[in-house]
Every structure is written in structure tokens, then in C-alpha cells.
Amino acid sequence: MTRKIFLFITGCVLLTVLPNLTAQTNEARLFVDASREEVQINKNIYGHFAEHLGGCIYGGIWVGPESDIPNTRGIRKDVVNALKELNIPVLRWPGGCFADTYHSRDGIGPRDQRPDRINTFWGDVIESNHFGTHEFMDLIEQLGTEAYFAGNVGSGSPQEMHDWVEYLTYPGESTLANLRRENGQSQPWDIPFWGVGNENWGCGGNMTAEFYAYLYRQFATYVMDYGDNNIYKVAGGAGSSNYHWTETLMREAGNHMDGLSLHYYTLPGDWSNKGPALGFDENAWFTTLRKALDIDDVLARHIAIMDQYDPGQRVGLMVDEWGTWYDPMEGTNPAFLKQQNSLRDALVAGLTLNIFHDHAERVRMANIAQTVNVLQAMIHTDGPDMFVTPTYHVFEMYKVHQDAMRLAYHLDSPEYQFGDNSITSVNVSATKNSNGVIHISLCNLNPNEAVTLEAEVRGINNKRLAGRVLTANSMDAHNNFKQKNRVAPAEFDNLKSTRDGFSATLPPKSVVVIEIR
Ligand code: AHR
């Protein structure tokens, strides 16, 4: 029985057994079948992205070994310690748009001899190349994560891409492998993921889909597997709803790729007037969440195209850039894309991760943009100081889903009505980990009203319940250098065990994670 038919039948049964609910009651009913494990949630859905952009790398991650800011070989200790709490499975680098201007030879060897380049996409600032291949791989090791490189197609060559892979991964004696040894790394590194270009329809070369598809085939041919290394090759994908791009790539190059990327940014306004990160009204709250929810449909349509060419689901869909994008923070360089991060961002993160789970058969990786100081960041830094954002807390609360099995569910949610429009108030995902522990993540998108949830969880006997909640009094509640813990998770006590499952009251504008063991 397909998942859709199962959910439909389950839903019909529930709706006949349970009293009918109207949209006004603000009551939700959830049915989770703990015995129906549908698909594994690839932990790489919880991936991150760090670009040479504004304060993400320089200042945010890299301060240099001579800095007074505590560091390990130049990498900030406070930032690494905070990020380690998230169990980051994979980190994408060095861009973004920067990737298609980056030449890896600039970023190896003695730092004082590396060339100064202009970071043309991000404010024309001087790129010192002090953070290069070895520094990135050091960061990967300090975080205990895996590397996802974005190679240069737009202004690079197949030879250059080949040479970078050889430098990184070749175990034998070659000029490039020996250069790596001279530069301090005797063993080849494991490089699991390789992106062949970035946004090649835009900053990555302004190419047509057809032109890029052929270039992809050419470049990917020279991304070689050396020794035991086995590279998962990711083709540069579409932005949002560019279905023609996905169609063309799958048709012309589908057999040559392991993954195809997709970028999806959520803007309350449009590209010329995105809207403020703080001090917004309920219209902006509603619009942001509605547009974030649209990723569900966008994913479904890209996946339908992929299914046509790849019915066996061999090729993964990698959402390797996603998140909110607002007007830049006042007083900052607009090219640095620095923005505050509020409870609204936490809701966007929570609902988007739940939706990725819903598409986990095809969505095998996602990388939120970006790790530190840029866009929907986990961490903001200022000199030696730092604080973590509401989005950080969602990633920390949701890490329990990494590699767990998605459970079948049916949700009957009230609507959150705003003016003439509405969206569903509640958004959910349920998983079971390898120890049999169930986690249910719930977002209440309604900023004004609590939702009472009655949940039936089939297939569990004795149960112990616990929960955590992230909420605050205002829609734009946020942390800053003065108040670092204004938005932070708390124990969730609006939770009661019932005969069939549990009942809970989800506060307005909240993210809740419930554990059942
Ligand atoms: O994340 C910021 C930028 O957004 C990236 O460099 C680019 O790929 C996208 O347009």
C-alpha cells in the first residue's frame, strides 16, 4: 500500500471514530503508527553551509593562530564548541557564488605567501586566502563532520577541479599528493561529497540548462575516485521553481550524477525589498511562514520530474542552500548579508525540517545558509563575543531525528487564518531511532492561539514522556549580545499521558519536540 493510500485510509478511519472538529476549535488530532517505519531520515538533512562571505569564515570561524580570541590553529574555540552540540553531519564550502571564483591553489602553502584576491560577489573585499583547504579540513576534523566541497565550473577548468581532488585524496606518490604532504597532510583525506559548480544559471556562469548539463558531464568525468575514496557527485541544481533546469539536467546528465542540488530561500517580500528581520507585523509573519511552507510543493514537483527519469530513486535531491533572507542589518555592509534571527526563523527551520522528512525518500541532504553571521545563521559573533540564535536551538532540539526512521502519521490540524488567507496551524514529523525512542517535532505557526493536541500513538506499550519547547512572547523575539538567552528551549510540561498516546497544549508560535520511550 502506498504511503498516500495508507494515510488516506488511516485519516478516514480516524475521522469517523473521532468527533468531528471544526477549524475554529484550535484542536488538532495526530495519529502516529509507531510500527510503520517508512524511510530513514538521512542525517545529512541536518547539514550546514559556510561561504567566504561577510563574517562567516573570517571573524566567525577563522581568527588566525595569533589572535587573542581563543582558537585551535586559528579556528575559534567558542564557535566550534557551540557547533559541536548540533552534531553537524556535513559542511558545504567554500561557496555559494564564491565557489565559482575560487582557485584552490590560492589557499595552500605558507599563509603569508598566499595571494590576495578580490571577493567579487561579496563586497569586493580582499580575500587573504588564509582559510584554505587545510584550514577547512582542520575545521571538519574539529567538528567531527564530513566535507562537501563546491568546485569551480564558472571560471575554472576540468583540469583544475581534477587537480584539487587529486591533491586532497590521492594516496600514492604524485606531484600534487606530495605537495599536500609538504603542506602538512601526509594521509589523503576522505572527501565524500563534491559539488560540480553552484547556481550555474546565475552567479556560476549565467548558463542555460542545456549548456550546463554538458559542462557538468565534462567536469564530473575528472572528479576521480582515488584509493578508497568514493565521491558522491552533485550537479548544480535549480533555484526554487525552475523545473526546466531539473528536467534538463535529469534528461541530459542524470546518469552521470549521484545528487542534484536545489536552492530555496524564503523572503517575506521580493528580491528588491525583502523585508526586515525584526520589527515586522503579523502580515510579514504569516507571509514568511506561508512561503516557507511552499517548499513542500516545490520539492514534490522537482521530485516528480526526477521520478520520471530515475524511478529507482538513485539520484538524491540535495537542498544545499535554504533559509530566510531579509534586508541587511542596519549599519552593516549590505554585501555581507548579516541579519538578525528571531522566533520566526525558528518556526521556518522547524517546519522546513519536518517537510524535508516528508520527502526523505529523495531528499538526502540539506545545508542551511549559513553557519555564522550570514543569513539564517546559527551563531552571531562580534570580536571575542558570540551568541546562538533561535535557529540554532531548533537544530539542537531536532538532532534526535538524525538517521532515525520516519513513522507514518496523519494530522488533522486547525487552520491559522490571517485576513482572507489561511495555512495549517500545526506542522509535524515523527521518527523512531535505533533504540526504539520516538520523537515527534511539532510547530504551532499561529502566533496568537494555542493548539490543543490529542495524539494517538499506535504500537507502543509502556511509555515515558518528556518534551522541550522553544517559544517567546513576541513574534520577533531574538537573542543578542546583551541578552543571549531570551529565546532558549525550556522543559515542556503541557504534556499528559493518555490511554492511547498523549495530549499536549502547543503554545502560540512554538516549536515542540516530544520524546516517547
Ligand atoms: O547564500 C548566499 C548566496 O545565495 C550564495 O552564495 C548563492 O549560491 C545564493 O544565491
Side-chain angles (χ1 to χ4, degrees), residues 42 44-45 47 49 92 95-101 121 148-162 165 193-224 231-266 271 294-322 355-356 359-367 369:
N42 194 318
N44 292 327
I45 284 176
F49 166 43
R92 179 174 183 251
C97 294
F98 180 78
D100 284 87
T101 64
F121 281 109
Y148 175 20
F149 282 78
N152 180 349
V153 171
S155 70
S157 66
Q159 181 72 53
E160 184 184 13
M161 196 176 286
H162 165 272
V165 174
F193 301 103
W194 197 274
V196 180
N198 169 76
E199 294 196 353
N200 300 90
W201 39 265
C203 62
N206 282 309
M207 301 171 192
T208 63
E210 289 74 10
F211 184 77
Y212 172 70
Y214 294 124
L215 271 191
Y216 170 81
R217 290 166 62 139
Q218 185 192 4
F219 275 68
T221 306
Y222 305 101
V223 176
M224 305 285 197
I231 294 186
Y232 187 100
K233 297 179 203 176
V234 181
S240 300
S241 55
N242 185 348
Y243 304 111
H244 170 71
W245 188 275
T246 295
E247 216 275 330
T248 309
L249 264 290
M250 288 304 294
R251 188 182 64 237
E252 303 297 339
N255 291 339
H256 301 264
M257 65 179 77
D258 301 305
L260 177 60
S261 87
L262 173 71
H263 291 179
Y264 188 88
Y265 284 103
T266 300
W271 285 104
D294 285 347
I295 197 174
D296 191 21
D297 184 53
V298 169
L299 287 172
R301 293 175 70 173
H302 284 288
I303 289 169
I305 295 166
M306 293 176 80
D307 286 349
Q308 245 183 296
Y309 291 93
D310 174 34
Q313 299 182 322
R314 188 188 62 80
V315 179
L317 182 57
M318 328 292 269
V319 190
D320 58 18
E321 288 184 29
W322 68 274
I355 290 171
F356 288 156
H359 295 281
E361 286 82 356
R362 189 65 91 165
V363 177
R364 315 253 166 85
M365 188 196 285
N367 309 73

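As a basis for the values below, the full set of heavy atoms in this structure was taken, side chains included, without hydrogen atoms, waters or symmetry mates.
Contact check for N200 versus L215: no side-chain heavy atoms found under the 4.5 Å cut-off. Here the side chains of D100 and V153 are in contact, with some heavy-atom distance below 4.5 Å. Looking at F356 and I295, their side chains come closer than 4.5 Å, going by heavy atoms from C-beta outward. When side chains are defined from C-beta on, H256 does not count as touching Q218, because their heavy atoms never get closer than 4.5 Å. Within the 4.5 Å cutoff, the side chain of E321 has heavy atoms near those of the N198 side chain. The shortest side-chain heavy-atom distance between V298 and Y243 falls under the 4.5 Å cut-off. Using a 4.5 Å cut-off on side-chain heavy atoms (C-beta onward), Y216 and E252 make no contact.
A pairwise comparison of heavy atoms in F49 and A369 identifies CD2-CB, 3.7 Å as the closest pair. Contact detail for F219 and G156: the closest heavy-atom pair is CZ-O, 3.8 Å. For the residue pair R314 and G254, the shortest heavy atom distance occurs at NH2-O, 2.9 Å. Between M161 and G151, the closest heavy-atom pair is CE-C, 3.7 Å. Nearest heavy-atom pair, M207 versus G154, reported as atom, atom and distance to 0.1 Å: CE-CA, 4.3 Å. Smallest separation of non-hydrogen atoms from Y148 and G195: CE1-N, 3.5 Å.
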Decide side-chain contact (heavy atoms from CB on, under 4.5 Å) for V363 and M318; before the verdict, give the C-alpha distance in whole Å, the side-chain angles of both, and the deciding distance to 0.1 Å.
CA-CA 6 Å; V363 177; M318 328 292 269; over 6 Å; no

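To the nearest 0.5 angstrom, N367 atom CG is 8.0 Å from H263 atom NE2. Atom CG of N255 sits about 8.5 Å away from atom CE of M250, to the nearest 0.5 Å. Going from atom CG of D310 over to atom CE of M257 covers 9.5 Å, rounded to the nearest 0.5 Å. Note that the CE atom of M365 and the OG atom of S261 stand 10.5 Å from one another [nearest 0.5 Å]. Atoms OH and CH2, from Y265 and W271 in turn, are 7.5 Å apart once rounded to the nearest 0.5 Å. Atom CH2 of W201 is separated from atom OG1 of T248 by 14.5 Å, given to the nearest 0.5 angstrom.
A donor-acceptor distance shorter than 3.5 angstrom exists from the side chain of N152 to the backbone of S155, with no hydrogens or angles considered.
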Counting only pairs under 3.5 Å, give me each side-chain donor-acceptor contact of residues 300-309, with atom names and distances, residues two or more places apart or in other chains.
{"from": "H302", "atom 1": "ND1", "to": "T246", "atom 2": "OG1", "distance (Å)": "2.8"}
{"from": "H302", "atom 1": "NE2", "to": "S240", "atom 2": "O", "distance (Å)": "2.6"}
{"from": "D307", "atom 1": "OD1", "to": "R362", "atom 2": "NH2", "distance (Å)": "2.7"}
{"from": "Y309", "atom 1": "OH", "to": "E247", "atom 2": "OE2", "distance (Å)": "2.2"}

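Relative orientation of the W245 and Y212 rings is parallel, given thresholds of 30° and 60° on the angle between their planes.
Within 6.0 Å of OH in Y222 there are 12 or fewer heavy atoms belonging to other residues, nucleotides or ligands.
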